[in-house]
Structure formats: C-alpha cells, structure tokens
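Report on one structure; see the data block that follows.
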Amino acid sequence: MPWTPLHQSGEYARALTQLDAKTTRLADGTLVSHRRIRGIETGMLPRAEISQDSLLPLIRDAGMRKHLWVVSPDHPAPWLADLGAVAVMSPAYVAQVDLDGDLEVQMQPKWRNRLRAAERQNLRITRQNLPLRPDNWILQRDREQQKARGYKPWRDAVTLAYAKTNRGNAKLFTAFDGKAEVAAMLFLRHGDSATYHIGHATDQGRAKNAHNLLLGQAMAWLASKGVSHLELGQVDTDTSPGLARFKLGAGAKLRPLGGTWLWWPPLGKALTPLKYLDRRAMSAR
C-alpha cells in the first residue's frame, strides 16, 4: 500500500521543529532527524523508503557522508549489509487497514460480534482534538501503562507538539459509561493516512468491548474524511497475542518493516564480518 509513514510525514517534521529538533530532507524527500551520539554527528532515517542504488549518493550529495547513520527502512532491506551496515534489531511487523474497502467485510466475525455487543452497552463516544495539556486523561493513563509495561515509544512532549502544530490532526476518541471515562484511542492524521498512537481501557471498558466500538467508529470517521490507510502499530504475536488478535480482527493486514541498522560510511565494509550480523534475520519471512 503506497503511503507515507507517520515518521516520514510533514506533520511529524513540524512537531520535531516545534521542539527545536534538527531535521533535514534528502534530495528525494526522505526525512532525516539529527542527533549527536558521543560527539558523533548522527543521522536517523526512521521508516525510510530507500533503495540500494540511491542511498549512498543521496547522503553524499547532502554532505553527510561522514555521519553515523541509524537506518530503519520501511521495507525489508537486507542489501544494507552490502554497504557495510550492521543489523542491530530484526524487522517488526505492522498492522495496516485499507480504509477504502468495505470496513465491516474486512472485520473477522468474532471482532464484528464484539463491536455489535459494544453498540448495545449504551456507551457514549466523543471525538475531539487532543487537549493540549500534559495532564489530560489519555496521556496520564498512557504514562501509567508505559511504566507498568516498561516501554516508552514517544515522549508526551512530541505528542503534544504534534497536536499543536497540526491542529485537527490529533483526534481523540473517548468512550464514557455514564460520566466515567472507560476507554480512549488517539489517532494521528498525516496526509491521506492515519496512525493509531496510544489508547487505554479500564476494566469496565474492556468488559464492554469499548475499544472495538472506538476503533470501529474511528475507522468510519477517518474514511469519511478521505483517509485511505490506517496503521495500527506493531504486532507481536509472542509477547502480546491478545493485542495482535484485536488488530488483525479489525481487518488489518501484516507487513514487515526493515529492522534497524547502524551504518558508518567511512568504515566501508569493515564491520560486516561481525558474528552477530544475521542477514537472514533482516529479510521478510
């Protein structure tokens, strides 16, 4: 599905600029985020659509041939090993939904049944721009969830900067049972695509399948606004099988990314003999 991932979008670049982060674009439009790691100028290529023939010329033309690079391709790219890159993280899979199709037909029967059950629970669904406050309900719950599970994909400051600089493109869907907030999901729009960002459900919300209702309504609303693709994030059937079933049940298809590579062009292929480089693990399977 041809589309621009969130981390390569103009909306994401605006959020980073709001936070005074340094970004540039290569000649083909690929977004580069700059950092200094132990004094070394480092270029980050998140979710980049790159090719074997063009990457080195693009970097050379941009005057960044001596940079250290952290390359995370949007598709499998085992050919990076031929340039001397070292694989440090194997490819993950992401779940993507085609919003141009019939949404209900794409849903798996059990998922659709839970959606119907949620529709009978008298839940009230609201849709609003993400409140620009670090103490809003979804960010608070997400911080608690991150602490409990030991992960932190984005700083709250980036989320809030995204909402501030792309007004109307950070949409929060919240489910209420009476006056109580029982579930919420935040979606970030970028071009004709959108990405599920964070979500939370209380025990009460899970019992009433609130996330099925939120996602079902969000997909319908996004499609009505011309959004053609929705990414639901990474899928890991080993560590989070329930979450994987939820995403796939909504009609998502799996697609492999390209893993993460370290590449320092001045070294050429000096690092490729390292024993932990497993080229096969960096290919889609």
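Heads up: numbering here begins at 1 and tracks the sequence. Being a predicted model, the structure only gives us computed values, none of them experimental.
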In this structure, would [X] and [Y] fall into the same cluster of hydrophobic residues linked by side-chain contacts under 4.5 Å?
X      : Y      : answer
Ile59  : Trp79  : yes
Leu56  : Val71  : yes
Leu172 : Val158 : yes
Ile198 : Trp154 : yes

Look up atom [atom1] in [X] and atom [atom2] in [Y], then write down how far apart they are to the nearest 0.5 Å.
X      : Y      : atom1 : atom2 : result
Lys225 : Asp192 : NZ    : CG    : 15.5 Å
Leu55  : Ile50  : CG    : CD1   : 5.0 Å
Leu188 : Thr195 : CG    : OG1   : 6.5 Å
Arg114 : His211 : CZ    : NE2   : 14.0 Å
Arg143 : Lys147 : CZ    : NZ    : 11.5 Å
Asp236 : Leu243 : CG    : CG    : 9.5 Å

task = Before giving the answer on side chain to side chain contact (heavy atoms under 4.5 Å, CB included), spell out for Leu230 and Met219 the whole-Å C-alpha distance, their side-chain angles and the decisive distance to 0.1 Å.
result = CA-CA 8 Å; Leu230 171 63; Met219 289 192 298; 3.7 Å; yes
Donor-acceptor pair, side chain of [X] and main chain of [Y], under 3.5 angstrom:
X      : Y      : value
Ser228 : Gly226 : no
Asn166 : Glu11  : yes
Trp263 : Leu83  : yes
Asp61  : Leu58  : no
Trp111 : Phe246 : yes
Arg65  : Pro265 : yes
Gln106 : Asp98  : yes
Gln8   : Pro46  : yes
His190 : Thr4   : yes
Trp261 : Gly258 : yes

Taking C-beta and beyond as the side chain, do [X] and [Y] meet within less than 4.5 Å on heavy atoms?
X      : Y      : answer
Leu222 : Arg189 : yes
Leu132 : Arg167 : yes
Pro73  : Leu80  : yes
Pro91  : Pro76  : no
Phe187 : Met185 : yes
Gln108 : Leu248 : yes

Taking all atoms of both residues into account, what is the closest heavy-atom pair of [X] and [Y], and its distance?
X      : Y      : result
Thr237 : Ala244 : CG2-CB, 4.0 Å
Leu160 : Pro131 : CD2-O, 3.8 Å
Asn136 : Arg133 : ND2-O, 2.6 Å
Leu213 : Leu115 : CA-CD1, 3.7 Å
Asn129 : Lys171 : OD1-NZ, 2.7 Å
Ala161 : Leu19  : CB-CG, 3.9 Å

task = Give a yes or no on whether the ring-centroid distance for Trp264 and His67 is below 6.0 angstrom.
result =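 No: the rings miss the under 6.0 Å criterion.
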request  = Flag the pair Tyr12 / Tyr162 as yes when their ring centroid distance falls below 6.0 Å, and as no otherwise.
outcome  =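 They do not qualify: ring centres at least 6.0 Å apart.
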ask   = So does Glu41 pair up with Lys66, basic N to acidic O under 4.0 Å?
value = no
key: Lys/Arg N to Asp/Glu carboxylate O, Glu144 vs Arg141, below 4.0 Å   =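 Yes, charged N to carboxylate O under 4.0 Å.
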task = Please report the C-alpha distance between Leu45 and Val70 in whole Å, then the side-chain angles of each, then the deciding distance to 0.1 Å, and finally whether the side chain to side chain contact (heavy atoms under 4.5 Å, CB included) criterion is met.
result = CA-CA 6 Å; Leu45 292 176; Val70 180; over 6 Å; no
request  = Let me see the working for Lys164 and Gln18 under side chain to side chain contact (heavy atoms under 4.5 Å, CB included), right down to the final yes or no.
outcome  = CA-CA 9 Å; Lys164 182 177 181 179; Gln18 171 74 21; 3.6 Å; yes
task = Give the C-alpha distance, both sets of side-chain angles, the deciding distance and a yes or no for side chain to side chain contact (heavy atoms under 4.5 Å, CB included) between Val32 and Trp69.
result = CA-CA 10 Å; Val32 181; Trp69 290 91; 3.7 Å; yes
inquiry  = Looking at Asp102, I want to see if its CG is surrounded by more than 12 non-hydrogen atoms of other residues, nucleotides or ligands under 6.0 Å.
reply    = yes
ask   = Is it the case that more than 12 heavy atoms not belonging to Arg25 sit under 6.0 Å from its CZ atom?
value =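 Result for CZ/Arg25: enclosed.
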message = Once you measure the plane-to-plane angle for His200 and Trp137, does it fall in the parallel (<30°), tilted (30-60°) or perpendicular (>60°) bin?
response = perpendicular
task = Return the orientation label for the Phe173 and Trp221 ring planes: parallel under 30°, perpendicular over 60°, tilted otherwise.
result = perpendicular
Any donor-acceptor N or O pair under 3.5 Å, side chains [X], [Y]:
X      : Y      : value
Asp156 : Thr159 : no
Thr30  : Asp28  : yes
Gln146 : Asp142 : yes

message = Show every salt bridge (charged side-chain N to carboxylate O under 4.0 Å, His left out) that has at least one partner inside residues 202-222, sequence neighbours left out.
response =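 Found Asp177-Lys208, Asp203-Arg206.
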ask   = Step by step, would you call His34 with Thr24 a side-chain hydrogen bond (donor to acceptor under 3.5 Å, both in side chains)?
value = CA-CA 8 Å; His34 297 268; Thr24 57; 2.8 Å; yes
query = With Arg47, which of Glu231, His7, His75 fulfils side chain to side chain donor-acceptor pair (under 3.5 Å)?
reply =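 When side chain to side chain donor-acceptor pair (under 3.5 Å) is applied between Arg47 and each of Glu231, His7, His75, only Glu231 qualifies.
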